[in-house]
There are 2 protein chains.
Amino acid sequence: MAQNCRFAFAVHVLSALALSEDGAMNSEQLAETVNTNPVVIRRLLLDLREADLLVTQRGPGGGAKLAHPAAQISLAQIFKAVSGEFQLFGEHPNEPAKACCVGRSIKTVLEGVAHKAAQCVEQEYAAISLADVVKQLQNN
Amino acid sequence: MAQNCRFAFAVHVLSALALSEDGAMNSEQLAETVNTNPVVIRRLLLDLREADLLVTQRGPGGGAKLAHPAAQISLAQIFKAVSGEFQLFGEHPNEPAKACCVGRSIKTVLEGVAHKAAQCVEQEYAAISLADVVKQLQNN
DNA sequence: CCAATTTGTAACATACACTGTTACTTAATT
DNA sequence: AATTAAGTAACAGTGTATGTTACAAATTGG
């Protein structure tokens, strides 16, 4: 459903930081392991910093490092930081016809459905920590 | 996450059919209540017919009607019919660097995460029937 | 059989979002 | 002061979605 890969990139970046020697990596190193452009990484870092998941440092020897231990960072936090709220499907782009009883309230009903599903996914993601991901990476 | 509104349109269309007088409506009538183009509706009808959720009829007096009672159609069936499998986030578009242990197995780990979340959403949607949606529409 | 109607389908237009890229500014270290 | 790296703006290229027109295929009723 989410067409973008920002969440995948973000988990990759944070895992790499968790596993790096001194805990810090710059955008060029991160871009290399993710296989993308450093600017794409820096844009991601801004969102992750905004969510208090990492800190950045300019200048020589700068880069990014985790703001908290990996066990205290959940996939739900990461997802929200880079992709906003959980949205499982697109809404009506045009307003449905109000003349029909379906058109009048379909959006409200679908919002309820989307909300329940989003809660379900959020719980699932909240139960998985970055440390869990790192552990799995090491066992592969 | 799903950027497209095919699921919303599909639920709308099927609800309208469930609530229609004689159980049948043509693509023009459906397009009017959804507020889109009849061809968009007909493309949707093809997928819903393929999934055995409705039947279509050409020629004068033709149109679409439900293939089963609304209580026997779940939102999970509708979702799969028009949007394919549940996919909660996009994967790496480019292959991550295999030199780093994160790059080597991040895709596998993320697949596992996506699978668990997808199961969770599917269960949620499977528990809601078209009849439930119609009931909510009538109470609004 | 003929005319009207409606689905089925191809082709294209338009809009939008996302990734990637270049180039430059700002800040921090030595 | 020079170097390094993040921050940021602007734009290119790609892909996907909705919407639209036009026509083919099938079905019904007279």
Side-chain angles (χ1 to χ4, degrees), chain A residues 1-10 12-13 17 20 22-50 53-65 67 82-84 87 89-97, chain B residues 1-10 12-13 17 20 22-50 53-65 67 82-84 87 89-97:
Chain A
M1 313 175 174
Q3 65 295 21
N4 73 22
C5 57
R6 288 169 58 81
F7 176 64
F9 281 5
H12 190 142
V13 161
L17 290 176
S20 74
D22 63 348
M25 291 175 73
N26 65 30
S27 65
E28 195 166 354
Q29 297 169 316
L30 290 168
E32 194 176 355
T33 171
V34 173
N35 190 18
T36 184
N37 188 288
V39 176
V40 172
I41 297 295
R42 291 205 285 270
R43 288 198 282 240
L44 210 52
L45 294 181
L46 290 177
D47 288 338
L48 295 170
R49 189 186 63 177
E50 177 83 13
L53 300 183
L54 52 75
V55 292
T56 58
Q57 170 77 30
R58 297 205 213 193
K65 63 181 174 184
V82 300
S83 299
Q87 193 193 344
F89 55 84
E91 300 170 8
H92 278 63
N94 311 323
E95 203 62 26
Chain B
M1 311 177 172
Q3 65 296 21
N4 73 23
C5 58
R6 288 169 58 80
F7 176 64
F9 281 5
H12 190 142
V13 161
L17 291 176
S20 74
D22 63 349
M25 291 176 73
N26 65 32
S27 65
E28 194 165 354
Q29 296 169 317
L30 290 168
E32 194 176 356
T33 172
V34 173
N35 190 18
T36 184
N37 189 288
V39 175
V40 172
I41 297 295
R42 291 205 285 271
R43 287 198 283 240
L44 211 51
L45 295 181
L46 290 177
D47 287 338
L48 295 170
R49 189 186 64 177
E50 177 82 14
L53 299 183
L54 52 75
V55 291
T56 57
Q57 170 76 31
R58 296 205 212 194
K65 63 180 173 184
V82 300
S83 299
Q87 193 193 344
F89 54 85
E91 300 170 7
H92 278 63
N94 311 322
E95 203 62 25

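A note on names: the letters A, B, ... follow the listed sequences, proteins ahead of strands, and every chain is numbered from 1. From a predicted model like this one, the values you see are computed outputs, not experimental measurements.
Contacts of Leu45(B) with the nucleic acid, taken as non-hydrogen atoms under 4.0 Å apart, are absent. Within the nucleic acid shown, Glu28(A) has no heavy atom closer than 4.0 Å to any nucleic acid atom.
Between the CG atom of Leu46(B) and the C1' atom of dA24(D) there is a distance of 14 Å, rounded to whole Å. The separation between Met25(A) atom CE and dA6(D) atom C1' is 15 Å, rounded to whole Å. Here the C1' atom of nucleotide dT18(D) and the CD atom of Glu91(A) are 16 Å apart, to the nearest Å. Residue Gln29(A) contributes atom CD, which lies 14 Å from atom P of dT4(D) at whole-angstrom precision. Taking atom NE2 of His92(A) as the reference point, atom P of dT18(D) lies 12 Å away to the nearest angstrom. Atom-to-atom, CZ of Arg6(B) to P of dA17(D) comes out at 8 Å; the value is rounded to the nearest Å. Rounded to an integer number of Å, the gap from CG of Leu54(A) to P of dA6(D) is 11 Å.
Near DNA chain D, meaning a heavy atom under 4.0 Å from it, residues 33-41 of chain B has Thr36(B), Asn37(B), Val39(B), Val40(B) in order of number.
In this structure, CG in Leu45(B) is found 7.5 Å from CG in Leu17(B), a value given to the nearest 0.5 Å. Atom OG1 of Thr56(A) is separated from atom CG of Leu46(A) by 7.5 Å, given to the nearest 0.5 angstrom. Here the straight-line distance linking atom CD1 of Ile41(B) with atom CD of Glu28(B) works out to 11.5 Å at 0.5 Å rounding. The line from CZ of Phe7(B) to CG of Leu44(B) is 11.0 Å long, rounded to the nearest 0.5 Å.
For dG19(D), its base sits under 3.5 Å from the side chain of Arg43(B) at one donor and acceptor pair at least. Checked by distance alone, Arg58(B) brings a side-chain donor or acceptor within 3.5 Å of a matching partner on the base of dA25(D).
Between the side chain of Arg6(A) and the backbone N or O of Val82(A) there is at least one donor-acceptor pair closer than 3.5 Å. Panel note: side chain Asn94(A), backbone Asn35(B); a donor-acceptor pair is recorded below 3.5 Å.
If you find the closest nucleotide of DNA chain C to Pro93(B) and to Ser27(B), the one lying nearer the 5' end belongs to Ser27(B).
Closest approach of Gly62(B) and Asn26(B) over heavy atoms only: O-CB, 4.0 Å. Closest approach of Leu54(A) to Lys65(A), counting heavy atoms only: CB-O, 3.1 Å.
The span of DNA chain C lying next to chain B, judged by atoms under 4.0 Å from heavy atoms, is bounded 5' to 3' by dA4(C) to dG20(C).
Here Thr56(A) does not reach the OP1 or OP2 of dA5(D): none of its side-chain N or O atoms lies under 4.0 Å away.
Among residue pairs with one or both ends in residues 37-46 of chain A, those qualifying as side chain to side chain donor-acceptor pair (under 3.5 Å) are Ser27(A)-Arg42(A); sequence neighbours excluded.
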